Number of protein chains: 2
Amino acid sequence: MKMDSEHLEILSVIVEKGGLTEGAEALGKSQPSVSRSMALLEDRIGMPLFEPGRRPLRPTELGATLARLGARIRAANQEASLLVRRFRQGLAGRLRVGGSPIFMDGVVATMIAEFQSRHADVQIDQSYGYLDTLEAGLRNGGLDVAILPLHSSQVPPDMDFAPLLSGNNVIACRAGHPLTRARGITLADIAPFAWIAPPANSPLYRDLQRALKSIGQEDFRVNFSGGTLASIQSVLAGSDALTVLPYSVVFLSRRTVPLETLPLKIDHPDRQLGVLTMAERQGPPAVRQFNAFLQAECERLQARMDHEQQVTRRRG
Amino acid sequence: MKMDSEHLEILSVIVEKGGLTEGAEALGKSQPSVSRSMALLEDRIGMPLFEPGRRPLRPTELGATLARLGARIRAANQEASLLVRRFRQGLAGRLRVGGSPIFMDGVVATMIAEFQSRHADVQIDQSYGYLDTLEAGLRNGGLDVAILPLHSSQVPPDMDFAPLLSGNNVIACRAGHPLTRARGITLADIAPFAWIAPPANSPLYRDLQRALKSIGQEDFRVNFSGGTLASIQSVLAGSDALTVLPYSVVFLSRRTVPLETLPLKIDHPDRQLGVLTMAERQGPPAVRQFNAFLQAECERLQARMDHEQQVTRRRG
DNA sequence: CCATCTTCATAGCGAAAAGCGATATAATAT
DNA sequence: ATATTATATCGCTTTTCGCTATGAAGATGG
């Protein structure tokens, strides 16, 4: 014998408030309405919920016990309402974000921290991957957003790509590296130094190949590879090795790691770092909030980077 | 924004069963019905509960979270149904029973133990009092049943009185008391012995006065008064004092306390021990169960007492 | 890649319920 | 006794619920 949860909730309010009239007011309903609801409930269970013939309506033992259960139901319901409200505002939910490792670690992670502080109940699942993996993740619903460097021609037709930052790569080295003292760097200057290579299947690795080829160095010596950004930073800072990194990563890393960029023009790929999402599915509000947040943060970052480059250019 | 608890319950079943069709079946409803309920819920909260365009219907993050809350609601609802069922059968509830102290302690308490073993979840609140207190208790709803000795003329018009046992009083003494050896007891025989008196305002006290008057003894010496049955039994068993008790109390007490009754005919009041209840209000099932139980137990007790008296009479 | 199967959504309709205001009735207070 | 307050009932409309029938859209298997 299933009973109406709504009725139990009404009962709990009536018992709590101590009367039909007050209960009805608290519920935002008319007194006759709740009266009839209770009459219906009493009919269904076939037992009185209130002591008969008492004017300050007093619940029977059964009524009081059911009212307690009604209160439990009401609490769950209110929690549900609250949850929905927070969800709508993007303050709750789950956000599955995947992206290329270096950029995720070097740029996005710092922004996620800030995002979390404003949207405390958004759970973020971060994962790493390159275009094919991320694309599949978006398609099968395992991923809400993907963050990676992409050229507009590579964007699948059923997806949207929102650029965040220019994809400029630079050659990075430790601060105080011998090469940073040279004025005009030549191929011969960099030839002696070993290289730190990103994972062999990463776009960044291909960028490295291409960059070196563009300045005439076909062959290069790799002394470290396969590490995530944290390892790369450590090796970079502790040796005279060189590597190729997105400028944005170097820019942000310098807050904690003493790095510099070599004033060497390399051929950087015609790509932008950006956010790839499914076109139709605009996702839960938390996703939209996150995308908007990333956009804003990256704009600020881009401005700071542009400013610094002007200063550097004036000086150098 | 209040949401329909019923919808949350349906959602929880659907998520649990893994599909609309199976969920509908589990709920005993048609598939279109639950489909529409979910559509309605989605409209109200303005967000999707299920991933769009997926055939083995999969809930969104929000849907899954709400489903958990729905499961909580459903559990409370089921508990309520169970409670009602138990209540209807008189297996749960609260029973407030008041009565005259001696009879409650000596007879009713032994029966309550048996009742509790069959109706485990009936909580019994016992209290003591005489006619006026008990009547008031019944009237103001503080008491479900009252158990006391009453003459039919004393029954208030708005109440019912169900007799349980004849109200015969006897003079009780310890087993092996000097008087029990005498054949025909005279006034002179009992004159030397002191009396244990029930509380001065109790009917039993008036019975004592009346009984002694009926056998010619106007004046009597009281050496113990004011105790409950347990005390009276102890004093009785440990001294040569006499007292007046309902025969049923003496009968049952003999299982644990060595008592006898004097073969002295006393004028016993024209009353019966019985159950007084409000006429209209037939109370919750637990109350009815209890009344019926008392009735049956007392009938058995009466039969045993009648049997014993025949035996005694034949022997004596 | 097409046929088919399963699963879900929609339409249409009758019954039940929930909502309201007006009003009757009953219990307490004065 | 009368006034007051609290609850129950009535008549009515709107919303929701339930069903059957049917359409649409993945998933499946050749």
Side-chain angles (χ1 to χ4, degrees), chain A residues 1-11 13-45 48-60 63 67 70 73-74 77 139-141 158 278 280-281, chain B residues 1-11 13-45 47-60 63 67 70 77 136 139-141 158 278 280-281:
Chain A
M1 196 248 308
K2 172 90 168 59
M3 38 207 317
D4 192 334
S5 296
E6 181 84 10
H7 288 168
L8 293 177
E9 294 181 57
I10 294 175
L11 173 64
V13 174
I14 291 174
V15 169
E16 192 176 296
K17 298 291 177 187
L20 275 192
T21 313
E22 292 155 286
E25 190 179 6
L27 285 162
K29 299 183 198 291
S30 70
Q31 172 268 318
S33 181
V34 300
S35 173
R36 199 173 35 161
S37 289
M38 289 303 93
L40 231 122
L41 182 55
E42 280 183 333
D43 281 0
R44 302 230 172 117
I45 69 182
L49 295 168
F50 297 94
E51 305 282 358
R54 305 209 141 260
R55 214 23 60 139
L57 212 54
R58 222 181 41 190
T60 60
I73 293 178
R74 203 153 51 90
N77 191 303
R139 281 234 167 64
N140 69 24
D158 55 343
M278 295 299 289
E280 331 284 67
R281 165 154 52 94
Chain B
M1 197 247 308
K2 171 89 168 59
M3 38 207 317
D4 192 335
S5 296
E6 181 84 10
H7 289 169
L8 293 177
E9 294 181 57
I10 294 175
L11 174 63
V13 174
I14 291 174
V15 169
E16 192 176 297
K17 299 291 176 187
L20 272 193
T21 313
E22 292 156 286
E25 190 179 6
L27 286 163
K29 298 182 198 289
S30 69
Q31 172 267 318
S33 181
V34 300
S35 172
R36 198 173 33 165
S37 290
M38 289 304 94
L40 213 70
L41 182 56
E42 280 183 332
D43 281 1
R44 302 229 173 118
I45 68 182
M47 309 204 64
L49 294 168
F50 297 94
E51 304 282 358
R54 303 207 146 263
R55 213 24 65 137
L57 210 54
R58 221 179 45 190
T60 59
N77 190 304
R139 282 232 166 64
N140 70 23
D158 57 342
M278 294 299 289
E280 331 284 67
R281 166 155 49 96

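None of the values given here were measured: they were computed from a predicted structure. Every chain is numbered from 1 and lettered A, B, ... according to where its sequence line falls, protein lines coming before strand lines.
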Open item on the list: Can you give me the closest heavy-atom contact between A:Ala26 and A:Lys17, atom names plus distance?
Closed with: CB-CE, 3.7 Å
Task: Interatomic distance, A:Arg58 CZ vs D:dA6 P [rounded to whole Å] - done: 17 Å
Task: Distance in Å, B:Ile14 CD1 paired with B:Gln31 CD, rounded so as to fall on 0.5 Å steps - done: 9.5 Å
TODO: Starting at atom CG of A:Leu57, determine the distance to atom P of D:dA8, rounded to an integer number of angstrom.
DONE: 6 Å
Task: Distance in Å, A:Glu6 CD paired with A:Arg74 CZ, rounded so as to fall on 0.5 Å steps - done: 11.0 Å
Using the 3.5 Å cut-off, write out each protein N or O paired with an N or O of nucleotides 10-17 of chain C and the distance between them.
from: C:dA17; atom 1: OP1; to: A:Arg44; atom 2: NH2; distance (Å): 2.8

Open item on the list: How long is the straight-line distance from CG of A:Leu40 back to OG of A:Ser35, given to the nearest 0.5 Å?
Closed with: 10.5 Å
Task: Whole-Å distance separating the CD atom of B:Glu25 from the P atom of C:dT6 - done: 14 Å
Open item on the list: Can you measure B:Ile10 atom CD1 to D:dC17 atom P for me and round it to whole angstrom units?
Closed with: 7 Å
Task: d(CE, B:Met38; C1', C:dT7) in whole Å - done: 16 Å
Open item on the list: Measuring from atom CG of A:Leu11 to atom CD1 of A:Ile73, what distance do you get when rounded to the nearest 0.5 angstrom?
Closed with: 10.0 Å
Task: Interatomic distance, B:Ile14 CD1 vs C:dT7 P [rounded to whole Å] - done: 14 Å
TODO: Report which part of the nucleic acid B:Ser30 touches: base, sugar-phosphate, or nothing (heavy-atom distance under 4.0 Å, all strands).
DONE: base
Task: Atom-pair distance (NZ on A:Lys29; P on D:dT15), nearest Å - done: 14 Å
Task: Spacing of NE2 belonging to B:His7 relative to CD1 belonging to B:Ile45, to within rounding of 0.5 Å - done: 11.0 Å
Open item on the list: I need the CZ-C1' distance between B:Phe50 and C:dC8, as an integer number of Å.
Closed with: 11 Å
- [ ] Using atom types as modelled and distance alone, determine if a side-chain donor or acceptor of A:Asp158 lies under 3.5 Å from a backbone N or O of A:Met278.
- [x] no
Task: Side-chain donor/acceptor of A:Thr60 to backbone N/O of A:Glu51, under 3.5 Å - done: no
Open item on the list: With rounding to the nearest 0.5 angstrom, report the CE to OG distance, A:Met38 to A:Ser33.
Closed with: 9.5 Å
Can you check nucleotides 24-30 of chain C for protein contacts, nitrogen or oxygen pairs under 3.5 Å, and list what you find?
none

